[in-house]
Amino acid sequence: MKKCIIIINKFKKDASVLAGQIASFLESNNILSSCIIFGNEKDIVDFSGFSFAVTLGGDGTVLYAARQCAPLYIPVFPVNLGEFGFIAGISPSGWKEPMKEFLAGKLRLDRRMMLKTDVVRRNEVVYTSTSLNDTVIKVAGSAKLAELDVVCNDYSLGRFRSDGIITATPTGSTAYSAAAGGPIADPLLDVIVFSPICPFSLSNRPLVLSGDSELEVTVKDSRGAEILLTCDGQESFPLKTEDVIVIKRNDNEVRLAGCGKSEFYTALRSKLNWSGGPHA
């Protein structure tokens, strides 16, 4: 470990102070560090050459880091300054001991699957992105329905008339997918969760698909509705009729420190008030 990139969420008031403390600690361990601000969307940062990343923010900051770090095999050390912290599990008041373990190679790194999304227009890929949480195709800003033909591994799932569809990883199953009625999946499972958003037909239900599934979603004539693709709620691309969106497991996983099953189930209880029923 020779060089660290510290990602500071500009909306978290304590993030800059904490970044200084972490940078000083790393310097005392002969590790150089550079800070960048998450929230300046127009900034393009080259992550190559860094040994690891530290995120100071909520889960959204981790999602951003994952898309940059996964293809470069850079592990992420996420410190939670957000409200929920389903992904970021390291406390801002207790980061030092986990950091010592991390630098010594003793802190467990969990691999999380990601999704790769391609937009094919007239047989040409016009947009590509990855996501740790989800890929969403939905109507943007109107009270109209999207018409979407969905095929999974060459088998038709039918045409969905809905506000849109969510394709989520197990990590993302606690996010937008859960709000849309999808199941919550253990974060280390090898599955893809497919959830329609407010479907017109009551027979449309969420599906849990094998992790090696490949989905092809074709945008049909949606009567003038604007259809938008978003990845992790942070990157977006406007879609056109007859665009084909191909969604599958990304070749690279992201490695996260301090984000194991214990932290996940603790978050279920503490963040979602998961109780299992009334107590006697």
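Any value given below was found using the heavy atoms of this structure, including those in side chains, with hydrogens, waters and symmetry copies removed.
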Criterion salt bridge (charged side-chain N to carboxylate O under 4.0 Å, His left out) on D110 and R108, from CA distance to verdict: CA-CA 6 Å; D110 283 301; R108 175 188 172 96; 2.6 Å; yes

Verdict with supporting geometry, L209 and T167, side-chain contact (heavy atoms from CB on, under 4.5 Å): CA-CA 10 Å; L209 306 169; T167 305; over 6 Å; no

Full working for side-chain contact (heavy atoms from CB on, under 4.5 Å) between Y176 and N133: CA-CA 9 Å; Y176 192 9; N133 257 5; over 6 Å; no

V45 and Q68: CA distance, side-chain angles, deciding distance, side-chain contact (heavy atoms from CB on, under 4.5 Å) verdict: CA-CA 9 Å; V45 180; Q68 315 306 317; over 6 Å; no

Verdict with reasoning, K12 to L56, per side-chain contact (heavy atoms from CB on, under 4.5 Å): CA-CA 8 Å; K12 305 299 180 183; L56 304 178; over 6 Å; no

Derivation of the salt bridge (charged side-chain N to carboxylate O under 4.0 Å, His left out) call for E242 and K220: CA-CA 6 Å; E242 298 306 324; K220 309 307 292 183; 2.9 Å; yes

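Here the straight-line distance linking atom CZ of F237 with atom CD1 of I227 works out to 13.5 Å at 0.5 Å rounding. Once rounded to the nearest 0.5 Å, the distance linking CG of D118 with CD of E216 reads 10.5 Å. Atom CZ of F11 is separated from atom CD1 of I37 by 10.5 Å, given to the nearest 0.5 angstrom. Once rounded to the nearest 0.5 Å, the distance linking CD of E214 with SG of C152 reads 9.0 Å. With rounding to the nearest 0.5 Å, the separation of OG in S213 from CG in L207 is 10.0 Å. Going from atom NZ of K138 over to atom CG of L239 covers 13.0 Å, rounded to the nearest 0.5 Å.
Summarising the local packing, CZ of R111 is surrounded by 12 or fewer heavy atoms from other residues, nucleotides or ligands at distances under 6.0 Å. Heavy atoms of other residues, nucleotides or ligands lying less than 6.0 angstrom from CD of E27 number 12 at most.
When all heavy atoms are compared, the tightest approach of T169 to M113 is CG2-O, 3.7 Å. Between N252 and N250, the shortest heavy-atom contact is O-ND2, 3.0 Å. Shortest non-hydrogen contact noted between S129 and E235 is OG-OE1, 2.6 Å. In plain terms, the two heavy atoms of I166 and A180 that are nearest each other are CD1-CB, 3.8 Å. Heavy atoms only, all atoms of each residue included: R255 and L109 are closest at NH1-CD1, 4.3 Å. When all heavy atoms of I90 and A257 are compared, the closest pair comes out as CD1-O, 3.9 Å.
No continuous path of hydrophobic side-chain contacts links I165 to V244 [ILVMFWY only; heavy atoms under 4.5 Å]. Note: the hydrophobic cluster containing L215 also contains L148 (ILVMFWY, side chain heavy atoms under 4.5 Å, direct or indirect links). One hydrophobic cluster, built from ILVMFWY side chains closer than 4.5 Å, cannot hold both I247 and L132; they sit in different ones. Note on V219 and F194: same hydrophobic cluster, where clusters join Ile, Leu, Val, Met, Phe, Trp and Tyr whose side-chain heavy atoms are under 4.5 Å apart, directly or indirectly. Residues F50 and L72 share a hydrophobic cluster, clusters being chains of Ile/Leu/Val/Met/Phe/Trp/Tyr side chains in contact below 4.5 Å.
Annotation: side chain of F52 is in contact with side chain of L26 (closest heavy-atom distance under 4.5 Å). When side chains are defined from C-beta on, L18 counts as touching L81, because their heavy atoms get closer than 4.5 Å. Annotation: side chain of K116 is not in contact with side chain of D251 (no heavy-atom distance under 4.5 Å). Using a 4.5 Å heavy-atom threshold, the side chains of D14 and P92 count as separate. With contacts defined as side-chain heavy-atom distances shorter than 4.5 Å, the pair L103/I31 qualifies. Residues D163 and V139 are not in side-chain contact: their nearest non-hydrogen atoms beyond the backbone lie 4.5 Å or more apart. Taking 4.5 Å as the limit, every side-chain heavy atom of C231 sits out of range of all side-chain heavy atoms of T130. Looking only at side-chain heavy atoms (C-beta outward), F38 and L63 stay at 4.5 Å or farther from each other.
Side-chain N or O atoms of S173 include one that pairs as donor or acceptor with a backbone N or O of A185 at under 3.5 Å. Not one N or O on the side chain of S34 forms a donor-acceptor pair closer than 3.5 Å with the backbone of I5. Looking at R159, its side chain never comes within 3.5 Å of a backbone N or O of E147 through a donor-acceptor pair. Without hydrogens or angle criteria, D59 side chain to A88 main chain gives a donor-acceptor distance under 3.5 Å. Between the D134 side chain and the V136 main chain, no donor and acceptor come within less than 3.5 Å of each other.
Between F102 and F77, the ring planes are tilted. Angles from 30° to 60° get that label.
A salt bridge does not link E124 with R121: none of the charged nitrogens is closer than 4.0 Å to a carboxylate oxygen.
Of the listed residues (N80, N9, T55), just one forms a side-chain hydrogen bond (donor to acceptor under 3.5 Å, both in side chains) with T61, and that residue is N9.
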